[in-house]
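Structure, as C-alpha cells:
Chain identifiers are assigned alphabetically (A, B, ...) following the order of the sequence lines, protein sequences preceding nucleic acid strands; residue numbering begins at 1 within each chain.
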Amino acid sequence: MTTVALVALFVVVLAVVALAVIIVWPWMRIVPESERIVIYRLGRFRSIRGPGLTVVFPWEQLERTIDARNQPTEVEARVFAFGVPNTVTLSFWYSFDPARAVGRDREKLSRLVQLSEMERRSQMEIMVRDSLGTQVSALEEDSPLPKDATIPERALALGVGKPRCAKLLTWLKRDLRRALPSLGIILDDSHNIVFSGRRISPEIIEAFSRNRSRTLNKEWLKQNADELRGLGLTNEMLAHMLASSTEGVDAGHLQKVMLSGAAATEVEVGMGQGNETVTTAVKQEAQSARPQPPAQETEPVPEHLTERDLAVLKTVPRAENRRKSA
Amino acid sequence: MPLKEIPRYRPTYREDEIRLIARLALRGDSMGFVGIAGVGKSNVVNFLNEGRIGEVAGKEAEVLLFPVVDGTYWQRTPGSLWEMMLDALKRSTKHLPQPQQDKILPMDQEERTLDKLRAMLEWFCRDLKYKVVFVMDDFDEVFKTGPIEMLELLNGLRSEGNREALSYVVFTKRLPHVLGRTHNLNIENGSKFYDLFSKDIYALEPYKPEDAYQMLVHLNEKDGKPLQDAEIRQVFRLAGGHAGLLRTVFRIWADEGTPNGDPTTYFVNKHDVREECRRILAHLHEDEQAVALKLARREDVAKQKPVVTHLARRGLLLSKQTNYAWFSPLFGRFLGTL
C-alpha cells in the first residue's frame with residue numbers, strides 16, 4: 001500500500017474514532033471509588049456500575065447513586081443480659097456493596113437497590129438489635145452465671161475485657177457477617193465490633209447500695225427482734241420497719257393485710273434476688289397481751305382514688321367492636 | 001436470607017393502639033397510656049422507635065418521627081430531661097438532613113441544650129414538615145418529682161409554632177395526675193402540659209391472644225422449638241396476655257420441661273413467676289392493691305365497684321357474666337397465697 005493510502009487510512013480511522021468519542025462523550029460517566037451507579041434500561045433494573053469510567057447509553061437511565069464507602073457506624077440497642085437492663089452502643093465498619101453481597105443474582109440486586117438509604121439503615125439497625133438479643137440469649141445459656149449471682153456480678157458480666165463480652169462480640173460478628181449481606185451490606189472484617197458505649201440503669205446502681213443496706217437491716221432486725229419487742233415494739237411496727245426498707249413492698253399494703261384481723265396472719269414477702277422471705281406472724285393471743293399502738297402513731301394512709309380519678313382512664317377503641325356496632 | 005423466619009411482631013401487632021397513636025399524632029394531639037408492670041409497654045415503644053408505624057397505620061403515618069425518652073434514666077433535673085429529649089431527637093433523625101448549628105449559644109448549659117432542642121424541632125417540624133411525637137416511656141418518676149415548671153416547658157415547646165407538629169405519648173404505670181398529686185395537675189388551670197393529653201389517657205391492656213401467641217411462637221422458634229403447639233397454648237392460658245409472665249413461664253417450661261401435676265400450682269410456686277406477679281402488684285395504687293387482695297380472698301367488694309371497674313379497664317380483670325376472672329390464673333393464684 002502506498003504511503004498516501006496509508007496516511008489516508010490513518011486519517012479516516014482517526015476521524016471515525018474522533019467521531020465515536022464525540023458521540024459517546026456525553027454518555028460517559030466517571031464514577032468515584034466511593035460510589036456506584038444503578039442503571040435501569042427501559043424501566044427495569046439493568047446493572048450496577050463503577051467505579052471508574054463507564055457509559056450510560058441514551059436508552060439507559062441512571063436511576064440512583066449509592067454510597068459504597070467503607071464507613072463506621074453506631075447502633076444503640078437495649079438488651080436484658082443476665083437479668084440486668086443495658087443500653088449498649090455497638091460500633092462497627094461496613095460498606096454497602098450489593099454486587100459483592102449477592103453476586104450476579106439480578107433479581108436480588110434489583111430488590112436491594114430499590115431500598116432507600118433510610119430504609120436500609122433502619123433494617124440494618126433492626127437486624128443488629130435482633131442479632132444482639134439472640135446472641136445474648138445464647139451467651140446466657142452457654143456461660144450462665146451462678147444462680148445466686150448478685151446484681152453487681154450480673155451487671156459486670158458483660159464488662160469490656162471480660163471473657164463473656166469477648167465471646168458475645170465474636171458471635172455477633174459471625175452472625176452479622178452471615179446476615180447483613182441480605183441487605184447488601186458487607187461487614188468490614190479488618191475492624192472489630194466493639195461496645196463504644198454502655199449504660200446501666202441508675203436503678204441498678206442504686207440497687208447495689210440498697211441491696212447491701214436491706215441485707216443489713218434484715219439481719220439486724222432478726223437478731224434484735226426479741227429485744228425490740230421487750231421495749232414495747234409490736235410485730236406490726238417491726239414488720240413496717242422492715243417493709244419500709246424493702247424495695248417494691250408497699251408498707252401501707254403490708255400493714256392493712258396484717259391489721260385485717262385473722263386469728264393468725266402470715267404474710268410472705270419476697271425479698272428480690274434470692275429466695276429469702278420474711279414471715280411475720282400476728283397471733284391473736286399475743287396481740288391481746290400487748291397494748292396496741294395508738295392510731296396516730298402509724299403511717300398516714302395514702303390518698304385514696306376518687307371516682308373522678310377513676311373516670312380518667314379509657315379503653316382503646318377496638319376495630320372488632322366498631323365492626324360489630326356497624 | 002432473613003435471620004429468622006418467624007417475625008417478632010405480626011403485621012397487626014397492637015393494631016388498635018398503633019392506629020390510635022397514629023390518628024392522634026397526625027392531628028398533633030398528645031395522649032397517655034397507663035399499663036401494669038411488664039405488660040409490654042417497652043415493646044410498643046420499641047415498635048414506634050423502629051419507625052414501623054407505617055406497617056400498621058399506613059403510608060401517611062411515615063411522616064411521624066418517634067424519639068424515645070426513657071424516664072428511668074432521668075437524673076431528676078430539667079437539664080437532664082432536655083438532654084435526653086435532644087439525644088432522642090438526634091437518634092431518630094440521623095437519616096435526615098440536619099439543621100445548621102447556631103453560632104450564638106447561651107452560656108448556661110441547660111439553656112444551650114434547650115435552645116438546640118428548639119432549633120431542631122423548628123427544623124424538622126416547620127422546615128422539613130415532619131411531625132415529631134416524643135415517646136415518654138416510664139414517666140412515673142417525672143410526674144411525681146416535677147417540678148411543674150419543667151412539665152409546663154414541654155407544653156411551651158409546642159406553643160412555639162409547632163402546635164400541630166409536636167406532640168407527646170406518655171407511658172406510665174399509674175394515672176399521671178395521681179402520680180403528680182402534689183402538683184395539682186388535674187385542677188382547672190393546673191397544668192397545660194397535663195391538659196394536652198388528659199382527655200386521651202388509655203389503658204394499655206395485656207396482649208390480644210394473636211399477639212401473645214405470636215410472641216410465644218417467636219420465642220419458641222428462637223430457642224429451637226422446645227415446646228409443642230399445645231404447650232404454647234397452655235403457656236398463654238396461664239400467663240394471659242401479659243408479656244412479662246409469658247416470657248417467664250415460657251422460659252421455665254423450656255428449661256425444666258413439662259410440669260408435673262396442675263400447671264398453675266407448679267408455676268405459681270416458681271420464684272421468677274412470683275417475682276413478676278409481685279412486681280405487677282407492687283406498681284398498682286394502694287387502693288387497687290387492696291381491692292385485688294379482697295377479690296382474691298372472695299370478700300365483698302360492692303363498696304369498691306368503681307375500683308373493680310377500673311381494674312377491668314386496665315385489663316387485670318376479665319368480665320365474665322356476673323363476676324370477674326383474673327387476666328392470668330397465675331396472678332389470681334398468687335394473690336390468693338398472700
Name the region of [X], side chain, backbone, both or neither, that has any atom closer than 4.5 Å to a heavy atom of chain B.
X        : result
A:Thr315 : both
A:Glu307 : side chain
A:Thr87  : both
A:Ile126 : side chain

**Q.** Residues in side-chain hydrogen bond (donor to acceptor under 3.5 Å, both in side chains) contact with B:Glu256, at least two apart in sequence or another chain
**A.**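 If we apply the side-chain hydrogen bond (donor to acceptor under 3.5 Å, both in side chains) test to B:Glu256, skipping adjacent residues, the hits are B:Tyr266, B:Lys270.
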Given that the side chain runs from C-beta out, which part of [X] has a heavy atom under 4.5 Å from chain A: side chain, backbone, both or neither?
X        : result
B:Asp223 : side chain
B:Asp255 : neither
B:Leu20  : side chain
B:Val68  : side chain

Q. Residues two or more places apart in sequence or in another chain: which of them pass ring-ring contact (aromatic ring centres under 6.0 Å, His included) with B:Phe334?
A.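 Partners of B:Phe334 under the ring-ring contact (aromatic ring centres under 6.0 Å, His included) test: none.
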Salt-bridge criterion met for [X] and [Y] (N-O under 4.0 Å):
X        : Y        : value
B:Glu275 : B:Arg279 : no
B:Glu276 : B:Arg247 : no
B:Glu205 : A:Arg318 : yes

Q.
Looking only at heavy atoms and a cut-off of under 4.5 Å, which of A:Glu76, A:Glu125, A:Glu117 has the most pairs with chain B?
A.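 Highest number of pairs under 4.5 Å: A:Glu76.
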Q: For chain A, find which of B:Arg91, B:Arg181, B:Lys199, B:Glu17 contributes the most heavy-atom pairs closer than 4.5 angstrom.
A: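 Of B:Arg91, B:Arg181, B:Lys199, B:Glu17, B:Arg181 has the most heavy-atom pairs under 4.5 Å with chain A.
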Q: Could you label the plane-to-plane angle of the B:Tyr202 and B:Phe33 rings as parallel, tilted or perpendicular, counting under 30° as parallel and over 60° as perpendicular?
A: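 Ring orientation, 0 to 90° scale: tilted.
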Q | Aromatic B:Phe47 / basic B:Arg14 pairing, under 6.0 angstrom, 45° off normal | A |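 Cation-pi check for B:Arg14 and B:Phe47: fails.
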